[in-house]
Amino acid sequence: MLLKLYRINFLSNYPKMSTCVKGKLSYPKDQLNLDLTLLGGQSFRWEKHTNDKKEEKWQGVAFECFWELHQTPSTIKYKVFSNKKHPDEYFTKLLEKYLRLDFDLSGNCEKWKRAHRHFAETSQALKAVRVLDQEPLETILSFICSQNNHIKRISTMVQWLCSKYGSKICSYEGVDYFSFPSLSSLCDHQNELESALREAKFGYRAKFIAGSVKKINESGGNDWFQKLRSLSFKEARVELVTLPGIGFKVADCICLMALNHLESVPIDTHIYKIAQASYLPRLSGIKSVTPKIYEEVAEHFRKIYGDYAGWAQAVLFCSGLQRFQETKGKFVDKTNVCVPAKKQKKK
DNA sequence: CACGGCCCTGCTCC
DNA sequence: AGGAGCAGGGCCG
């Protein structure tokens, strides 16, 4: 045990010293559900741990920092490791920005409840999911991985990218944590990138990622991301869909979660089913979501829920997800008759 | 322009 | 046991 501690300290202090900062901010728990927000499919870099005393903590990497979060009814306490020196308040501000704590969730939920009956019915108990404000490159590559895929495998793939091309932030409790790779780091391996990804079981997404990295670099990298933030939502989306592997749905996820375009409403299969059942019954016979149908649904949500329609969608999505799990794969919207979950037995 | 077939992998189901 | 079916899409014909 002593030896182990010594090793960890030795490794993490040398050759590069990563500093640990502790901090705390006040925020009511009922306005921030960390499970839904961090583990619900926006980011793929967080894990929750519960010890035998049933104390919960969330660990993850964002903005080149490793974070450990604890939540009390009125506060969030954090530990953060970073390779770069910053004044302590930098981290508090960063965390507030990442979680968009300035957004009045309960106020907006009241508006959304008045805007449509379905919202009022589905979210009686507030699903306090917050839309994260994430880094564009990480969000783009992660959501390219998300197609035809589920959270668990996406997380594995993103983790692979980080440990292969990212840089080590710290070693904590015996685990190494890596930042998401920078654009330049990925470009340095441009020639081998696709084949390396293939080998790492990225499947057909390997080509998309390599191609997108190349194109992002040619477009100006971080300057291009800044430009996309300053453009209107739809202008930004037009630009994004020129990247290989990015269609409307993934582009909308990026706009919403990394480019500050909160009116963006990603229409995935879950949301489409909700739309068919409770918003646009006309679509109930139509299976394939063509670009035209996609836009119709998205515009419909924007019309109802306004400038922050994407956030309203996130809340609806979480409500749907929960029911999805409860019914063991059979998606059942509340407006339909609820099919009882199959009895599971078997060891 | 709408549609179906296909794409990689890994897991679950039967 | 081992093949079908599917998972928070996109591309191509």
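Proteins come first, then strands; the chains are lettered A, B, ... in the order of their sequence lines, and each starts at number 1. The figures that follow rest on heavy atoms only: side chains count, while hydrogens, waters and symmetry mates do not.
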A:M157 CE - C:dA7 C1' separation (whole Å) | 12 Å
Return the nearest nucleotide to the side chain of A:S288; candidates are C:dG9, B:dG10, B:dC3.
-> B:dC3
Does A:E56 reach the main-chain N or O of A:Q71 with its side chain, forming a donor-acceptor pair under 3.5 Å?
-> no
Using the P atom in both, what is the distance from B:dC3 to C:dG8, to the nearest Å?
-> 24 Å
Pick base, sugar-phosphate or nothing for A:K292, based on heavy-atom distances below 4.0 Å to the nucleic acid.
-> sugar-phosphate
Could you tell me whether A:I246 contacts a base, only the sugar-phosphate backbone, or nothing, with contacts defined as non-hydrogen atoms closer than 4.0 Å?
-> sugar-phosphate
Looking at every strand, decide which applies to A:G247 at a 4.0 Å heavy-atom threshold: base, sugar-phosphate, or nothing.
-> sugar-phosphate
Counting side-chain heavy atoms from CB outward, which of B:dG10, C:dG10, B:dC7 is closest to A:R153?
-> B:dG10
Would you kindly give the CD1-to-C1' distance between A:I151 and B:dG10, to the nearest whole Å?
-> 16 Å
What's the closest nucleotide to the A:K249 side chain, out of C:dC11, B:dG10, C:dG9?
-> C:dG9
Comparing nearest nucleotides in DNA chain C, the 5'-proximal residue of the pair A:D268, A:L243 is A:D268
Parallel, tilted or perpendicular: which fits the ring planes of A:H116 and A:H118, with parallel below 30° and perpendicular above 60°?
-> perpendicular
Integer angstrom distance from the C1' of B:dC7 to that of C:dC6 = 14 Å
Minimum heavy-atom distance between A:W160 and A:A196, given as atom pair plus value | CH2-O, 3.8 Å
Integer angstrom distance from the P of C:dG5 to that of B:dG5 = 13 Å
Test ring pair (Phe, Tyr, Trp, His ring centres under 6.0 Å) applied to A:Y172 and A:F178, A:Y177, A:F81, the passing residue | A:F81
Taking the same atom, P, in B:dC6 and in C:dA4, what whole-Å distance lies between them?
-> 13 Å
When you compare B:dC8 with C:dG2, how far apart are their P atoms, in angstrom units rounded to a whole number?
-> 25 Å
Closest nucleotide among C:dC11, C:dG8, B:dC8 to the A:F208 side chain = C:dC11
Would you kindly give the CD1-to-C1' distance between A:I254 and C:dG10, to the nearest whole Å?
-> 13 Å
How about A:S185 and A:S182: does a side-chain donor come under 3.5 Å of a side-chain acceptor?
-> no
Derivation and outcome, salt bridge (Lys or Arg N to Asp or Glu O under 4.0 Å), residues A:D307 and A:K111 | CA-CA 12 Å; A:D307 289 343; A:K111 286 185 198 164; over 6 Å; no
Within the structure shown, what part of the strands sits under 4.0 Å from A:R205 by heavy-atom distance: base, sugar-phosphate, or nothing?
-> base
Runs of at least three consecutive pairs that involve DNA chain B, where pairs are Watson-Crick or G-U with distances under 3.5 Å | B:3-7 with C:9-13, B:9-14 with C:2-7
Considering only heavy atoms from C-beta outward, does the side chain of A:Q134 approach that of A:Y98 to under 4.5 Å?
-> yes
Spacing between A:I209 atom CD1 and C:dG9 atom C1', to the nearest angstrom | 14 Å
For the side chain of A:Y294 and the base of C:dG9, is some donor closer than 3.5 Å to an acceptor across the two?
-> no
In terms of the nearest nucleotide of DNA chain C, which residue is placed more toward the 5' end: A:F143 or A:P244?
-> A:F143
With respect to the side chain of A:R198, which nucleotide from B:dT9, C:dG8, B:dC8 is positioned closest?
-> B:dC8
A:F248 CZ to B:dA2 C1': how many Å, rounded?
-> 15 Å
Any donor-acceptor N or O pair under 3.5 Å, side chains A:R100, A:N260 = yes
With A:H49, the side-chain hydrogen bond (donor to acceptor under 3.5 Å, both in side chains) member among A:K57, A:E55, A:Q59 = A:Q59
Side chain of A:T290 only, please: which of B:dC7, B:dT9, B:dA2 is the nearest?
-> B:dA2
Atom-to-atom span, CD of A:Q147 to C1' of C:dC12 - whole angstrom | 14 Å
Euclidean distance, atom CG of residue A:N148 to atom C1' of C:dG9 [Å, nearest integer] | 6 Å
In whole angstrom, give the distance that lies between atom CD of A:E199 and atom C1' of B:dT9.
-> 15 Å
